[in-house]
Amino acid sequence: MRTISLYALLLVTLLGCSTKMGYYFLDWLIEWKLEEYVTLNNQQQKQFQHDLDQFLTWHRTEELPRYEKQLLQLALAFEKQTLTPQLWAQHVEQAKSHWARTLEFVTPSLVALMSSFSDKQVQQVIAQLRVDEKRLNQKYLGKDHQALVEMADERIEKRVKRWIGKLTQEQKQAIHQYNLSRATTLDMWLEYRHEWIRLFEQALKNRQNQLALSHSLTILMSQPDRLKSAAYKTALDANTQDFGQLLITLNLLASSQQKRRFQKKLASLITDLSELSGSRIQSARNPVGEFSPFAVRGIAMKDSRN
């Protein structure tokens, strides 16, 4: 379910704030997240910023129109009530293809950057990944099935509420029933993450061989299913189908007001994507013209993290 949620999230949101504002500060967000894992030297930072600017230009012009097209298809399916679990699964696969193209574009830059890492930087990256893993283990391990279901209920209810407003008891029950009946993947997910980190660490230790590093990153990022067990993949596929059925049920149970809210928010997102892909938006790091006021806000936001 967490994998499904990730790809769904790629479809329906960029950041917690407005899509246009969020995309405008995407360069800052990426750098901010990177700083959590590794401290770059001046030369690496300069190259990273150059590569990031190229990526954002490509992503805005090439990928955002694809997101817009898919969201239009989803909006129509919800409006006409033609969405099926099979169609939802196809949309999930399409979202995965968006992710795969993005990773294909950035892999050469990642290889160049990671191959320049010092031993200290590699240790820094792996140490933070281990911290992330420990936090996840502390959050989920040791909890009984009921507690995990309650956590999943709260997580999905919060996401759905953002799109349709306050949920009815029938809608909450539908979410609860989905979480009760879906295949349990927690242990397999945590095991997969642990193995992923182990292989990533191995790839970084062999980073001087750029061909081998590129091959490893392609598998780890673009083809992660190759690392998952047959049982895990089967469970994920079943949950994808079941989640599609949940969306159909929630749509059928939705009031006229909820449907109007959902269509309005989705239409607004599609409009934002259309405007972004056709505009000459500058990054918060290099603002020009009418975007200058946003840069001031971006600096304030960045300083507030310290």
Starting from the C-alpha separation in whole Å, work towards a yes-or-no answer on side-chain hydrogen bond (donor to acceptor under 3.5 Å, both in side chains) for D119 and Q123.
-> CA-CA 6 Å; D119 290 344; Q123 293 169 2; 5.9 Å; no
Is it true that, when you exclude [X] itself, more than 12 heavy atoms of the residues, nucleotides or ligands shown sit nearer than 6.0 Å to its [atom1]?
| X | atom1 | result |
| --- | --- | --- |
| E191 | CD | no |
| Q45 | CD | yes |
| E36 | CD | yes |
| Q208 | CD | yes |
| D144 | CG | yes |
| K233 | NZ | yes |

Note: E104-R101 ion pair, threshold 4.0 Å (strictly below) | no
Ionic contact status for E201 with K205, cut-off 4.0 Å | yes
Compare every heavy atom of F48 with every heavy atom of L113, then report the nearest pair and how far apart it is.
-> CD2-CD1, 4.2 Å
Heavy-atom closest contact (L103 atom, S222 atom, distance) | CB-OG, 3.4 Å
Donor-acceptor pair, side chain of [X] and main chain of [Y], under 3.5 angstrom:
| X | Y | value |
| --- | --- | --- |
| S214 | Q210 | no |
| R207 | Q202 | no |
| S115 | A112 | yes |
| S274 | I270 | no |
| Q258 | S255 | yes |

Establish whether [X] and [Y] are linked, either directly or via other cluster members, by ILVMFWY side-chain heavy-atom contacts under 4.5 Å.
| X | Y | value |
| --- | --- | --- |
| L180 | L148 | no |
| V149 | I175 | no |
| M221 | L199 | yes |
| L266 | L253 | no |
| W189 | L227 | yes |

Starting from the C-alpha separation in whole Å, work towards a yes-or-no answer on side chain to side chain contact (heavy atoms under 4.5 Å, CB included) for Q44 and Q121.
-> CA-CA 12 Å; Q44 290 169 334; Q121 287 175 313; 2.7 Å; yes
Between [Y] and [X], is there a side-chain donor-acceptor contact under 3.5 Å, judged purely by atom types and distance?
| X | Y | value |
| --- | --- | --- |
| H98 | Q70 | yes |
| Q128 | D132 | yes |
| Q90 | Q94 | no |
| T39 | Q124 | yes |
| Q49 | D53 | no |
| E157 | Q171 | no |

Please work out whether the ring planes of F78 and F262 are parallel, tilted or perpendicular, with thresholds of 30° and 60°.
-> perpendicular
Residues which pass side chain to side chain donor-acceptor pair (under 3.5 Å) with H215, listed by chain and number, not counting sequence neighbours = none
Pairing residues for Q223 by the side chain to side chain donor-acceptor pair (under 3.5 Å) criterion, not counting sequence neighbours = R226
Check against ring-ring contact (aromatic ring centres under 6.0 Å, His included), H59 and Y67 | CA-CA 11 Å; H59 189 263; Y67 300 170; 5.5 Å; yes
Pairwise side-chain contact, [X] with [Y], heavy-atom cut-off 4.5 Å (strictly under):
| X | Y | result |
| --- | --- | --- |
| Q54 | H50 | yes |
| L204 | V125 | yes |
| F200 | I126 | yes |
| F117 | L40 | yes |
| N251 | K259 | yes |
| N42 | K46 | no |

Check step by step if side chain to side chain contact (heavy atoms under 4.5 Å, CB included) holds for D187 and L141.
-> CA-CA 8 Å; D187 290 342; L141 290 181; 4.3 Å; yes
Run the numbers on K172 and H176 for side chain to side chain contact (heavy atoms under 4.5 Å, CB included), then give the verdict.
-> CA-CA 6 Å; K172 290 182 179 180; H176 181 65; over 6 Å; no
Once you round to the nearest 0.5 Å, how far does CD1 of I164 lie from CZ of R159?
-> 14.5 Å
State whether Y232 and K228 meet the cation-pi test: NZ (Lys) or CZ (Arg) under 6.0 Å from the six-membered ring centroid, and within 45° of the perpendicular axis.
-> yes
Please lay out, stage by stage, how R193 and E133 fare under the test salt bridge (Lys or Arg N to Asp or Glu O under 4.0 Å).
-> CA-CA 8 Å; R193 283 184 57 90; E133 182 181 30; over 6 Å; no
Step by step, would you call R198 with E195 a side chain to side chain contact (heavy atoms under 4.5 Å, CB included)?
-> CA-CA 5 Å; R198 186 188 71 80; E195 178 65 6; 2.7 Å; yes
